[in-house]
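Protein chains get the first letters and strands the later ones, always in sequence-line order, with residue 1 at the start of each.
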Number of protein chains: 2
Amino acid sequence: MGETERIVQRMSDQGLRITEQRRTLAQLFAEAPGYLTPKEIYDHMQRVYPGLSFDTVYRNLRVMQELDVIEQFMLEEGVKFKRSCGEPHHHHHMICLQCEKTVPIRSCPMPDTAVPSGFEVVRHKFEVYGYCADCRESGDRAQASAGRTP
Amino acid sequence: MGETERIVQRMSDQGLRITEQRRTLAQLFAEAPGYLTPKEIYDHMQRVYPGLSFDTVYRNLRVMQELDVIEQFMLEEGVKFKRSCGEPHHHHHMICLQCEKTVPIRSCPMPDTAVPSGFEVVRHKFEVYGYCADCRESGDRAQASAGRTP
DNA sequence: CTCGGTGCAAATAATTTGCACAGTT
DNA sequence: AACTGTGCAAATTATTTGCACCGAG
């Protein structure tokens, strides 16, 4: 079963009606390597369904997010969506600045981090940004100095 | 010299004219422990300057951000601003979910993180969320289970 | 005195909602 | 057939811009 079908199945299981549009959305997210903005999603859908309206896209994004088939992120550039990672165990990500593909990192820095006394840790975020092997090879990335984050 | 003065000085040095409003903004950020939304900032300023308009707040936030006296963040709840941390060396933060105060962490997990072969690291983000000692004591935080982030 | 800063109003952009009709189950 | 999903238009909310006047240096 392809990723698209898995997503469609997940939506169907939860009682959602599977329309042409939702199937296409599922496929879009199944195939997209990285993050998508509402506008990008709308543009893609628009090409397939010329009569499409923006609010339908927003509505479906929200529904799919509630069903946990996609996740919403607040990045510097604004709101973006990505297929839910699905990995059941705790992990973090490397995110390619060129293609936005994400690669899971299994190791977690939290257990090794010294916490100031009295501080009660609830959750944490660890994300690594850079260029993935594919993008480095194809050289179509912006120049990248291998510097360390300041 | 107080933090307020330091901020005002920094703005003045860069050629900004110091208006009453900007001084008050500087003071607000100097004294605010955590993050502020544009609306919170406007509300505060509004109390002092009844005739204040929202666009002036936005304009000043942008200027102050460009001068690096404040920083902008995209959080789940939207855009927020905070006084620039100012620590010159690489570090990360613990952020209190109650009062939003930030505490620097000196250790960095990056050097100990295994990077998938071929991935070129450019920068990273490591943030720890929880409850600071003050908020735990005063007990006015939401209930907090000491769980580990999934 | 000079030019940057401010208020006002209006323009944009991003997102949400109400309603009648169309399509999925 | 029953009810959910969609398009359309309009409402909100967030942010930006143009312009004439005011105040800091």
Quick check against the 3.5 Å criterion: does E137(A) have a side-chain atom that pairs as donor or acceptor with the backbone of D134(A)? no

Note: contacts of residues 13-26 of chain B with DNA chain C (heavy atom, under 4.0 Å) are L16(B), R17(B), T19(B), Q21(B), R22(B)

Nearest heavy-atom approach of V57(A) to P38(A) is CG1-O, 4.4 Å

Under 3.5 Å, is there a donor-acceptor pair linking the side chains of T24(A) and Y49(A)? yes

Within the 3.5 Å criterion, strictly below it, is a donor on H92(A) or H124(B) matched to an acceptor on the partner's side chain? no

Contact check, residues 45-55 of chain B vs DNA chain C, heavy-atom distance under 4.0 Å, returns G51(B), L52(B), S53(B), D55(B)

- Message: Any side-chain to backbone donor/acceptor pair from E40(B) onto T37(B)? Under 3.5 Å, distance only.
- Response: yes

Those residues at least two apart in sequence (or on a different chain) that pass salt bridge (Lys or Arg N to Asp or Glu O under 4.0 Å) with E20(B) are none

So the contacted stretch of DNA chain C, first to last nucleotide with an atom under 4.0 Å from a non-hydrogen atom of chain A, runs from dA14(C) to dT25(C)

Residues at least two apart in sequence or cross-chain that pass side-chain hydrogen bond (donor to acceptor under 3.5 Å, both in side chains) with H44(A), listed by chain then number, are none

Residues of residues 64-79 of chain B with a heavy atom under 4.0 Å from any atom of DNA chain C, listed by number, are none

- Is there a donor-acceptor contact under 3.5 Å from the side chain of S12(B) to the main chain of V8(B)? no

For the side chain of R23(B) and the backbone of I18(B), is there at least one donor-acceptor N/O pair under 3.5 Å apart? no

Contacts of K39(B) and S12(B) projected onto DNA chain D by closest heavy atom; the upstream (5') one is K39(B)

**Message:** Does either side chain, that of E127(B) or that of Y129(B), offer a donor lying less than 3.5 Å from an acceptor on the other one?
**Reply:** yes

From CG of N60(B) across to P of dT16(D) the rounded distance in Å is 13 Å

Taken in chain and number order and not counting sequence neighbours, the residues that satisfy side-chain contact (heavy atoms from CB on, under 4.5 Å) with A30(B) are E3(B), T4(B), I7(B)

**Asked** Taking 4.0 angstrom as the limit, do D43(A) and R47(A) come out as a salt bridge?
**Response** no

Problem - No-hydrogen, no-angle side-chain donor-acceptor test under 3.5 Å, H91(A) and H93(A) - result: yes

Closest non-hydrogen atoms of C96(B) and C132(B), given as atom of the first, atom of the second and distance, are SG-N, 3.4 Å

The side-chain hydrogen bond (donor to acceptor under 3.5 Å, both in side chains) partners of Q21(A) (sequence neighbours excluded) come to none

Taken to the nearest whole Å, OH/Y58(B) to P/dT13(D) is 13 Å

query = So, E100(A) and K80(A), do they make that salt bridge, N to O below 4.0 Å?
reply = yes

Taken in chain and number order and not counting sequence neighbours, the residues that satisfy side-chain contact (heavy atoms from CB on, under 4.5 Å) with R106(B) are none

Where do N or O atoms of nucleotides 19-21 of chain D meet protein N or O atoms at under 3.5 Å, pair by pair?
none

The bend of the helix from dC1(C)-dG25(D) to dT25(C)-dA1(D), taken between the axes of its five terminal pairs at each end and rounded to 10°, is 40°

Report, one line per pair, each donor and acceptor closer than 3.5 Å where one atom sits in a side chain of residues 64-76 of chain A; sequence neighbours left out.
unit_1, atom_1, unit_2, atom_2, d
E71(A), OE2, C85(A), N, 3.3

